[in-house]
Amino acid sequence: MWVRRLSASSDLYDCIYAISLFRVGRFAMGADSVLVIGANSGIGRALTEQLNLLGKRVFCISRSHCGSSNQTMLLPDQDDTSIAQCCQTLFSQGWRFRWVVCLVGVLHESSMMPEKRLEDLHTRQLQRYFAVNSIIPALWLKHLVSLFEPGQDARLMFLSARVGSIEDNRLGGWYGYRASKAALNMLVKTAQVEYARRVPGVKLMCYHPGTVDTELSRPFSGGMPRNRRFSTEQAAQYLLSELQKPRAENQAVFVDWRGDKVCW
């Protein structure tokens, strides 16, 4: 394993190498290479484990050490500069990916909970929701285009949520989270048009994983029956199943863990 810490504020990288760069070069290209962004999340850790069992070559990106045996780049500050540097580094090392999964997202933090009424709306909280759930994924969309081989049947998946569906919104509430996920969905659907021109074969996906037993959903799932909550291992299995399904050319999709289409 090697770990590289990438900081946008410095041109110096702290690198820990435990494998030779020979293994990183053009050998990393091919149908078995997978990039997991947000690999230290609950779903991310389970997903990388299952990808390893499938024999995939996995590259992990995370804000902090995730204890994975895979090659990892630490990216504590995900802004335009650091994401660009990350993708340029991967490109120069010869990485081209068959699957890319972006698990970046936020629902609550120590000082932030989803809004229940209009009076709960605040500028800083809305900015935080859009920064993490919309802007950071948009920047990955911008820079990942160089890490696919044109003509290869590939997938680029973003973790979305059913509550981001405009048509399916019947309950209200959760203003910032809903709106930021709806923005993500539109960004992905729009980017599919350009990806189809620049890297034909890449299918973009928004994915609703259901309610997973992670820190993100735990405060809101206490009253939910246990059989309606998934372990991270189950969630990773369902996600992998959707990645492997055939998809129509040049059409972004929004699907859930059952494979059912979700209204945009």
ask   = Would you call Trp95 and Leu35 a side-chain contact if the rule is heavy atoms closer than 4.5 Å?
value = no
remark   = The side-chain contact (heavy atoms from CB on, under 4.5 Å) partners of Pro209 (sequence neighbours excluded) come to Ile43, Leu159, Tyr207, Val212
inquiry  = If hydrophobic clusters are built by linking Ile, Leu, Val, Met, Phe, Trp and Tyr wherever their side-chain heavy atoms come under 4.5 Å apart, do Phe91 and Leu75 end up in the same one?
reply    = yes
inquiry  = Tell me every residue that passes salt bridge (Lys or Arg N to Asp or Glu O under 4.0 Å) with Arg178, counting only those two or more places apart in sequence or in another chain.
reply    = none
ask   = With sequence neighbours left out, what residues match Ala84 under side-chain contact (heavy atoms from CB on, under 4.5 Å)?
value = Gln88, His143
Residues clustered with Leu126, ILVMFWY side-chain links under 4.5 angstrom = Leu118, Leu121, Tyr175
inquiry  = Under 3.5 Å, is there a donor on one side chain and an acceptor on the other for Trp140 and Gln78?
reply    = yes
request  = With sequence neighbours excluded, tell me which residues meet side-chain contact (heavy atoms from CB on, under 4.5 Å) with Pro150.
outcome  = Val199, Pro200
List, one per line, each side-chain donor-acceptor pair under 3.5 Å for residues 236-244, sequence neighbours excluded.
{"unit_1": "Glu242", "atom_1": "OE1", "unit_2": "Arg247", "atom_2": "NH2", "d": "2.8"}
{"unit_1": "Glu242", "atom_1": "OE2", "unit_2": "Lys245", "atom_2": "NZ", "d": "2.8"}
{"unit_1": "Gln244", "atom_1": "NE2", "unit_2": "Leu240", "atom_2": "O", "d": "3.1"}

request  = Output every pair passing side chain to side chain donor-acceptor pair (under 3.5 Å) with a member in residues 156-168, not counting sequence neighbours, ordered by first then second residue.
outcome  = Ser160-Asn185, Arg162-Asp256, Asp168-Arg170
query = Quick one: salt bridge (Lys or Arg N to Asp or Glu O under 4.0 Å) partners of Glu194, sequence neighbours excluded?
reply = Arg198
key: Residues which pass salt bridge (Lys or Arg N to Asp or Glu O under 4.0 Å) with Glu249, listed by chain and number, not counting sequence neighbours   = Lys203
inquiry  = Taking ring pair (Phe, Tyr, Trp, His ring centres under 6.0 Å) as the definition, give me every residue that meets it alongside Phe254, ordered by chain and number, with sequence neighbours left out.
reply    = Trp264
Spatial distance of atom OG (Ser62) from atom CG (Leu74) [nearest 0.5 Å] = 6.5 Å
Under the side-chain contact (heavy atoms from CB on, under 4.5 Å) test, residues paired with Ala191 that sit two or more places apart = Leu141, Tyr195, Leu204
Contacts of type salt bridge (Lys or Arg N to Asp or Glu O under 4.0 Å), residue Lys142, not counting sequence neighbours = Asp80
